[in-house]
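Notes for the one structure printed next.
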Amino acid sequence: MAHIDFTQKTILVTGAAGFIGSHLSKALIEQFPSVHIIGLDSITDYYDVSLKEERLQMLSGYGKSFTFIKGDISDKALVDKLFADYHFDLVVNLAAQAGVRYSITNPDAYIKSNMLGFYHILEACRHHPVQHLVYASSSSVYGSNKKVPYSTDDKVDNPVSLYAATKKSNELFAHAYSKLYQIPATGLRFFTVYGPMGRPDMAYFKFTNKLVKGETIQIYNHGDMYRDFTYIDDIVKGIIAVMQKTPDNTEDGAPCKVYNIGNSKPVSLLRFVEILEQSLINEGIITQPGTKELLPMQPGDVYQTYADVSGLEKDFGYHPSTPLEVGLANFAKWYKGYYQK
């Protein structure tokens, strides 16, 4: 693996107003003051736009180190112009239409952003060569796999949602472009990421909003579901480590690789809710645990996500270190400051 020196680098982060993209941009600027981050985001209204604006406000405090451009990766002319103007050294593609259930009712958004948009990024990397392309995949590619922990050696040909299918296709696109044009490309399969400034469409955020309003929270599969919750700071550390080393060639000569990035400690949803409630009580956001309605499994959901992160451990020394109790306490503190100020 070749090492990349981040001095004076120009880095494109797509989805920069998003949860992971904003935290990543902040960490990059703080750790490598000479980098210039170009943040691209279309600011869709899939969830609360004011939260995206809050994240951008945070990044605007870094002056010339961060440049924001509002735009969509499905706009080929815009993507090509950005690559021509800025001569990016590295690209981190986090822009995507997220969510499993939303893909059942709004499939067009997934094809436009996750398929067409990613194709435009690959074409731009082909015509304006970059040192490294890092892109977001998802644990959802494992679909209905029964074997745990999920390993990148497992077959992932049975997606149970359109979202998962688009993410698997990203990995295939990246491999093809990497092989044909020698573009160093690393895909990261994210496992349930949580933390301050998180996504309101995620279960822990929805639970919090309902608990605050005194509404009943709905827990699917009667609480017998397990998620590999990973704290945002651990995710960002992993991404930055990956960005700095390009993958070796695979057997067929493509400099590309895919890794799981998760916590490798799945927790039942019921236990997760208990810790979340306690964190909210500790902050004075709620006074007592809420009422729960246990429901059957929903279409497109999977029973358990559990990451085998041995690849990241071996190649990058990746060790997520934030316990759920600490991560959720940090989330509760932020939530109180943001929504109850």
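For the pair K147 and D154, the salt-bridge criterion is met [side-chain N within less than 4.0 Å of a carboxylate O]. Here K210 does not pair with E293 in a salt bridge; the nearest charged N to carboxylate O distance is not below 4.0 Å. The pair D233-K237 does not meet the salt-bridge criterion, since no charged nitrogen lies less than 4.0 angstrom from a carboxylate oxygen. The residues K26 and E30 are annotated as salt-bridged, a charged nitrogen and a carboxylate oxygen being separated by less than 4.0 angstrom.
Note: F331 and Y335 have tilted aromatic rings, judged against thresholds of 30 and 60 degrees for the angle between ring planes. Classification of the F83-H128 ring pair by plane angle, with boundaries at 30° and 60°, yields tilted. Ring orientation note: the planes of F68 and F66 are close to parallel, at an angle under 30° on the 30°/60° scale. Between Y150 and F191, the two ring planes are tilted [angle within 30° to 60°].
For the pair K146 and Y303, the cation does not sit on the ring face, since its NZ or CZ is not both under 6.0 Å from the ring centre and inside 45° of the axis. The cationic group of R199 does not satisfy the cation-pi geometry with Y194, failing either the under 6.0 Å distance to the six-membered ring centre or the 45° limit from the ring axis.
Counting heavy atoms from C-beta outward, L133 and L122 have side chains that approach closer than 4.5 Å. Under the 4.5 Å side-chain criterion, counting only non-hydrogen atoms from C-beta, S137 is in contact with E171.
In this structure, CG in L24 is found 9.5 Å from CD1 in I29, a value given to the nearest 0.5 Å.
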> Could you go step by step and tell me if Y135 and F118 meet the ring-ring contact (aromatic ring centres under 6.0 Å, His included) rule?
Replying inline: CA-CA 9 Å; Y135 64 93; F118 188 56; 5.1 Å; yes
